Each structure stands twice: as C-alpha cells, then as structure tokens.
Amino acid sequence: VMQDRPEHYVNSYSIKFKDTYRIRYPLLNLQKSHIIDLYIQKNITELIRLTSSCNVGQFRDTMPCGVCNGCQAKQWALSQMNLNLDNSVP
C-alpha cells in the first residue's frame, strides 16, 4: 500500500521520463481542502465524486476503501469545506 505522498510520484516519474517529458504538478503543494475549494470556485463540484484518493482500491480497480489515509484525508477535506458528496453542494 502506497502512502499518500505526492513526492513519491514526482520522484518516480521524474526519473523515468526526465529526458523525454516535462511533467508539471500544479496542485502538488496544495492540501486536499484547497483543491476541493478550487472545485467549488469553478462550480464543478459534481466532478469530485469522480476523483479518488484511495491508496488501496485504486490498485485493485475497485471502489475507494474509505478507511486508508487517502480516503480519510479526502473525507476530512470535504468536511472542512462543508461539502456532502451525496448532494455535491456546500
């Protein structure tokens, strides 16, 4: 199980593609609540349910587990923004 550590992805992909591609990570240093706030500002909250932060389910092609660090962080961020995925409105 991979921890929710974006720098791991940056380092692994940067090494793999360093001579061929330039990969940018514009949201890398933002917390999940800041990213969710961007969804709200752009009025695209319906897209949040299409995203996954799961560290377990994404590797098994299943639904998010709801208990790993990534799932818990997403739920915390949603609660900080008073956003309910059932209705997708604050």
Side-chain angles (χ1 to χ4, degrees):
V1 176
M2 181 107 30
Q3 294 296 319
D4 195 16
R5 293 179 29 209
E7 65 274 3
H8 169 77
Y9 299 108
V10 171
N11 293 337
S12 65
Y13 286 115
S14 295
I15 291 168
K16 188 182 291 186
F17 301 118
K18 71 178 180 179
D19 296 326
T20 310
Y21 302 101
R22 181 175 180 181
I23 301 174
R24 296 176 189 223
Y25 300 89
L27 307 178
L28 180 66
N29 295 315
L30 295 179
Q31 294 179 6
K32 286 184 182 6
S33 58
H34 296 143
I35 295 169
I36 290 171
D37 188 43
L38 290 174
Y39 279 86
I40 294 169
Q41 289 177 31
K42 301 295 182 185
N43 198 28
I44 54 172
T45 55
E46 69 278 1
L47 298 178
I48 294 172
R49 70 184 70 229
L50 301 176
T51 67
S52 175
S53 297
C54 186
N55 301 126
V56 178
Q58 67 185 0
F59 298 111
R60 293 185 305 202
D61 225 7
T62 62
M63 296 296 293
C65 71
V67 296
C68 70
N69 289 339
C71 287
Q72 293 296 311
K74 183 176 179 181
Q75 288 303 318
W76 177 84
L78 289 167
S79 71
Q80 293 301 301
M81 301 308 298
N82 295 317
L83 196 63
N84 181 348
L85 281 185
D86 294 333
N87 299 324
S88 288
V89 292

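This is a predicted model, so every value here is computed, not measured.
Here the straight-line distance linking atom CE of Met81 with atom OG1 of Thr45 works out to 11.0 Å at 0.5 Å rounding. In this structure, OG on Ser33 lies 10.0 Å from CD1 on Ile40, to the nearest 0.5 angstrom. A distance of 14.0 Å separates CG in Asn69 from CH2 in Trp76, rounded to the nearest 0.5 Å. Separating the NZ atom in Lys32 from the CD atom in Gln72 is a distance of 12.0 Å, to the nearest 0.5 Å.
Looking at residues two or more places apart in sequence or on another chain, you find a side chain to side chain donor-acceptor pair (under 3.5 Å) between Thr51 and Lys74. Partners of Gln75 by side-chain contact (heavy atoms from CB on, under 4.5 Å), not counting sequence neighbours, listed by chain and number: Leu78. For Leu27, the side-chain contact (heavy atoms from CB on, under 4.5 Å) partners at least two apart in sequence or on another chain are Leu30, Ile35, Leu38. Legend: residues meeting side-chain contact (heavy atoms from CB on, under 4.5 Å) with Ile44, ordered by chain and number and at least two apart, are Tyr39, Lys42, Glu46, Leu47.
Of all heavy-atom pairs spanning Cys68 and Cys54, the tightest one is SG-CA, 3.8 Å. Gly66 and Cys71 make their closest contact through N-SG, 3.2 Å (heavy atoms, listed as atom of the first residue, atom of the second, distance).
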